Amino acid sequence: MKFPVTVALMFFASVLCAAEWPATLPPHPRLLFTKSDIPQIKQRIATQDWAKARFDSMKAQADRWLSTEVKLPARGGQWFHYYSCPKHGARLRNESATRHVCPIDGEVLSGYPYDDVVLMTEHGRLAGAVRTLGIVHQLTGEARYAAKAKGILLAYAAKYESYPLHNIRGEEKIGGGKVGPQTLDESTWLITMVEGADCIWSTLTTDEQKNLEQHLLRPAAEIIRQHKMKIHNIQCWKNSAVGLTGLLLGDMKLVDEALNGDAGYFQQMATGVASDGAWYEGAWGYHFYTVSAVSHLTEGAFHSGINLYGAEFKRMFDAPIDLAMPNLELPAFNDSHQASVTGNASLYEIAFARYKDERYQLVLARSKRDSDAALLVGGDAGGTVKDFIPVSRNSPASGFAILAAGKGNNATWLCLDYGPHGGGHGHPDKLGFVLYGLGQVIAPDPGTANYGVPIQAGWYRTSIAHNTLTVDGQSQKPAEGKCDAFIAADAFSAASATAGKIYSDVSFRRTVALIEGNVLVFIDQIRSPREHTYDLAYHNIGKFTAPLPFHAFQVSTNAGYSHLRDAKSLITADGLQTIFDLGRNKQARWIMAGGQMTTFITGTGVGAHTEDRVPLVIARSTGTEMHRFWCVTLGQPAEAVSLTEEPLTRTDSSHAEEALAVRVKTQSATHVIVINPLAEKLMLKHQPVPARLTHLIGKGQNDLTIQHVTQ
């Protein structure tokens, strides 16, 4: 197919030659692969066990579809976020089209919207069948697979336009779909259908192609196009659906819209991807969801002669490796569950094929290579694969400060979240953190529940559910903080950051240091012109042990607090030490220094659902300002350390309250950490410490030597 010169010129002008525009599109197939790619795919099947296993599985699926009667659902489906128990927040177990069971108490739910969520699953299953049948047809040359896929496509062409338009509230409005309740669902479904249709397009008659175009493909693309969004993961799926439809049909206006529109591919890359490669929504699940969306379009374009594999998209593959925990997992920040880099190995198959970055072999070597992407584009991931060693790093663009020490799965790793709120998927958790050590996540972020259940807003989107500050029982406001001091050295790493305008008249600074590989030291500074109640929450997996006599405590009904259970309290000015037993002699010891009257509240919060309980401790104080020294030590067993405030001598400061120093005495050394945000002229034991952040170490009470400073 040849394109008008005006279209080609319009494209070049809009993207400044960012991608070469072909004079003609190659013949079908041209989205998942081309005819010229098939010999290499067959060679992969013949020589690589993992490729043969994947193809055999796909062919077995296709064979089952040959004997399956195709029956389309009577209507479109509903939002998968509804498919949770409204009481416990747990994902339901599907036992039939009308039987949906809570895994916590066995309650059976049926009817709307649960039955309709299953219908959405069936629509997705049928689309997947078209794609699988199409791929197997191309790799075997057998017409029967193409015929079955054609039957499903033509059935939808006869039915699609009669499906009512509906959204997640059942309303007939733009933003909804016919097959799905959102243009998002319509897009993911259409992408799969189009990729499958491309594989059998040359087997269709001209009339059949026209029928699919007029009664299925263009109507679905138009529903998606009517709903305009800006920089968002959903818009990336919409771009891919519209762009692939254009590439299938040879409609370059649709392709141009998907690439060069106000919210097209190039705008998404330029605006949505931070300079460090993280997607702006600050949730790793949505990061990979966006990469998955974009990769459909980039692959379809690549096989059609348009190379979209630029530097911005590559950074989206680099960021998860750069910012991963020692086990190559990523924290459950914002509206995300914990995400796995190796669990997204299919995306790195594409990245390795297109960018040839040897670091991606790290991911492929740890995967089973059992994806369609591995079969279709998977390269040789052999050779020497380097170990993954997490390093301390600060990423101001996405607002993550990582402190790391050690190698392998048992390394210690902490990520302080101080950056952008994350838009609609952000949580009120500024200066919250996730701590990993001893081979597991120890201090978790709660992540998310399905959006359609009350506990999502009642717990997961509250500040008290996170390892951060809550003031007067009310969650933080959306804000963006700033890290203004950071040190990354072999034996010491630290970060100091402010939270931004999380409350109208409260400032919050948190400084964290990792010393000796397994001791995390925290300096929290909170200030306000008015009196407030400050709650510092810390959540830790395992079994909680309180060494002192706690008394029953009545929690408030404020957002989040009502989900606390087994609450007890202790009022003291002497500080507190507690132990979290992680099993197998592994421990996390939580220590807060004394000096200020504090109500310590212990209990459990919510984990994956209401009955999955995670221990926590809250340090509550009332006043206009508060500074806290506390630490977490990890070990088998965890070491007990002492924390005391270290006096500073100020020579020319009118902001005395801004600078603090803490002495940390471990079994092997004495450390002093000085936080000096205004870089004032200060003295510690006759030593000048004018840097924003200083680390001193010594063997005795006064024998302290500066080891690390911010530059």
Side-chain angles (χ1 to χ4, degrees), residues 73 75-83 113 116-117 119-124 126-128 130 156-157 159-197 212-213 215-249 251 253-265 267-268 271-272 279 281 285-286 289-297 300 335 423-425 450-452:
R75 60 189 183 277
Q78 254 307 337
W79 202 29
F80 85 95
H81 282 290
Y82 288 139
Y83 208 68
D116 292 61
V117 175
L119 290 182
M120 188 68 242
T121 302
E122 182 62 16
H123 283 298
L126 287 162
V130 172
Y156 268 108
K159 186 88 171 176
Y160 181 81
E161 291 175 300
S162 68
Y163 283 141
L165 181 69
H166 64 289
N167 62 18
I168 63 174
R169 291 173 291 277
E171 302 164 329
E172 186 178 342
K173 289 184 177 180
I174 290 177
K178 286 181 172 286
V179 161
Q182 306 175 97
T183 51
L184 167 61
D185 305 288
E186 211 79 358
S187 296
T188 58
W189 174 83
L190 181 60
I191 287 167
T192 309
M193 292 285 276
V194 166
E195 289 174 341
L212 289 174
E213 177 180 352
H215 300 292
L216 176 60
L217 302 176
R218 287 196 183 276
E222 187 58 29
I223 283 174
I224 294 165
R225 292 178 65 237
Q226 288 176 1
H227 183 217
K228 306 296 184 183
M229 298 184 71
K230 296 183 180 179
I231 307 302
H232 201 279
N233 69 83
I234 292 178
Q235 185 62 45
C236 290
W237 285 102
K238 287 150 61 70
N239 290 340
S240 291
V242 171
L244 290 179
T245 301
L247 289 171
L248 174 67
L249 300 177
D251 184 337
K253 289 185 178 179
L254 291 180
V255 178
D256 183 69
E257 178 182 323
L259 298 182
N260 304 303
D262 291 342
Y265 167 81
Q267 280 297 323
Q268 298 293 331
T271 307
W279 183 244
E281 291 175 287
Y286 278 108
Y289 195 53
T290 303
V291 174
S292 180
V294 172
S295 65
H296 287 281
L297 181 58
D335 278 345
H425 290 297
N450 280 351
Y451 305 157

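These numbers come from a predicted model, not from an experiment. Each residue takes its place number in the sequence, starting with 1.
- Qualifying side chain to side chain contact (heavy atoms under 4.5 Å, CB included) partners for Y451, counting only residues two or more places apart in sequence or in other chains: W79, H81, Y286, D335, H425, T448, Q456.
- A donor-acceptor contact shorter than 3.5 Å links the side chain of H166 to the backbone of G177.
- Looking only at atom types and distance, the side chain of E281 has a donor-acceptor partner in the side chain of N233 under 3.5 Å away.
- Between Y156 atom OH and L126 atom CG the span is 4.5 Å, to the nearest 0.5 Å.
- Y163 and P73 make their closest contact through OH-O, 2.6 Å (heavy atoms, listed as atom of the first residue, atom of the second, distance).
- Heavy-atom minimum distance, I231 versus G272: CG2-CA, 3.6 Å.
- A donor-acceptor pair under 3.5 Å is absent between the side-chain atoms of E122 and the main chain of G77, judged by distance alone.
- Remark: T188 pairs with L184, W237, Y289 by the side chain to side chain contact (heavy atoms under 4.5 Å, CB included) rule, at least two apart or across chains.
- Under a 4.0 Å N-O distance rule, the pair D262/K230 does not qualify as a salt bridge.
- The main-chain N or O of I168 is found under 3.5 Å from a side-chain atom of Y82 such that the two form a donor-acceptor pair.
- A donor-acceptor contact under 3.5 angstrom links the side chains of H296 and E195, judged on distance only.
- Taking the side chain to side chain contact (heavy atoms under 4.5 Å, CB included) definition, one finds that H227 meets it with I174, T183, M229, K238, sequence neighbours left out.
- The CG atom of N239 sits 9.5 Å away from the CD1 atom of I191 when rounded to the nearest 0.5 Å.
- The shortest side-chain heavy-atom distance between T290 and C236 falls under the 4.5 Å cut-off.
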* To do: Give the C-alpha distance, both sets of side-chain angles, the deciding distance and a yes or no for side chain to side chain contact (heavy atoms under 4.5 Å, CB included) between V179 and D185.
  => CA-CA 8 Å; V179 161; D185 305 288; over 6 Å; no
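- Here CZ of R75 is found 13.0 Å from CE of M120. Values are rounded to the nearest 0.5 Å.
- In plain terms, the two heavy atoms of L244 and G300 that are nearest each other are CD2-CA, 3.9 Å.
- In this structure, the side chain of D116 does not engage the main chain of L119 through any donor-acceptor pair within 3.5 Å.
- Side-chain atoms of E172 never come within 3.5 Å of backbone atoms of L165 as a donor-acceptor pair (strictly under, hydrogens ignored).
- Scanning both residues, S240 and A293, for their nearest heavy atoms gives OG-O, 2.6 Å.
- Remark: K173 pairs with E171 by the salt bridge (Lys or Arg N to Asp or Glu O under 4.0 Å) rule, at least two apart or across chains.
- When side chains are defined from C-beta on, L247 does not count as touching V194, because their heavy atoms never get closer than 4.5 Å.
- Of all non-hydrogen atoms in F80 and V117, the two that sit nearest each other are CA-CG1, 3.8 Å.
- Residues passing the side chain to side chain contact (heavy atoms under 4.5 Å, CB included) test with A263 are Q235, Q268, sequence neighbours excluded.
- Here the side chains of K178 and W189 are not in contact, with every heavy-atom distance at 4.5 Å or above.
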What pairs of donor and acceptor atoms, side-chain ones from residues 216-224 against any protein atom, are under 3.5 angstrom apart with sequence neighbours left out?
{"from": "R218", "atom 1": "NE", "to": "E213", "atom 2": "OE2", "distance (Å)": "2.8"}
{"from": "R218", "atom 1": "NH1", "to": "D251", "atom 2": "OD2", "distance (Å)": "2.8"}
{"from": "R218", "atom 1": "NH2", "to": "E213", "atom 2": "OE2", "distance (Å)": "3.2"}
{"from": "R218", "atom 1": "NH2", "to": "D251", "atom 2": "OD2", "distance (Å)": "3.1"}
{"from": "E222", "atom 1": "OE1", "to": "R225", "atom 2": "NH1", "distance (Å)": "2.7"}

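- In this structure, Q226 CD and K228 NZ are separated by 8.5 Å, a value rounded to the nearest 0.5 Å.
- Taking each heavy atom of H232 and W279 in turn, the nearest pair found is C-CZ2, 3.7 Å.
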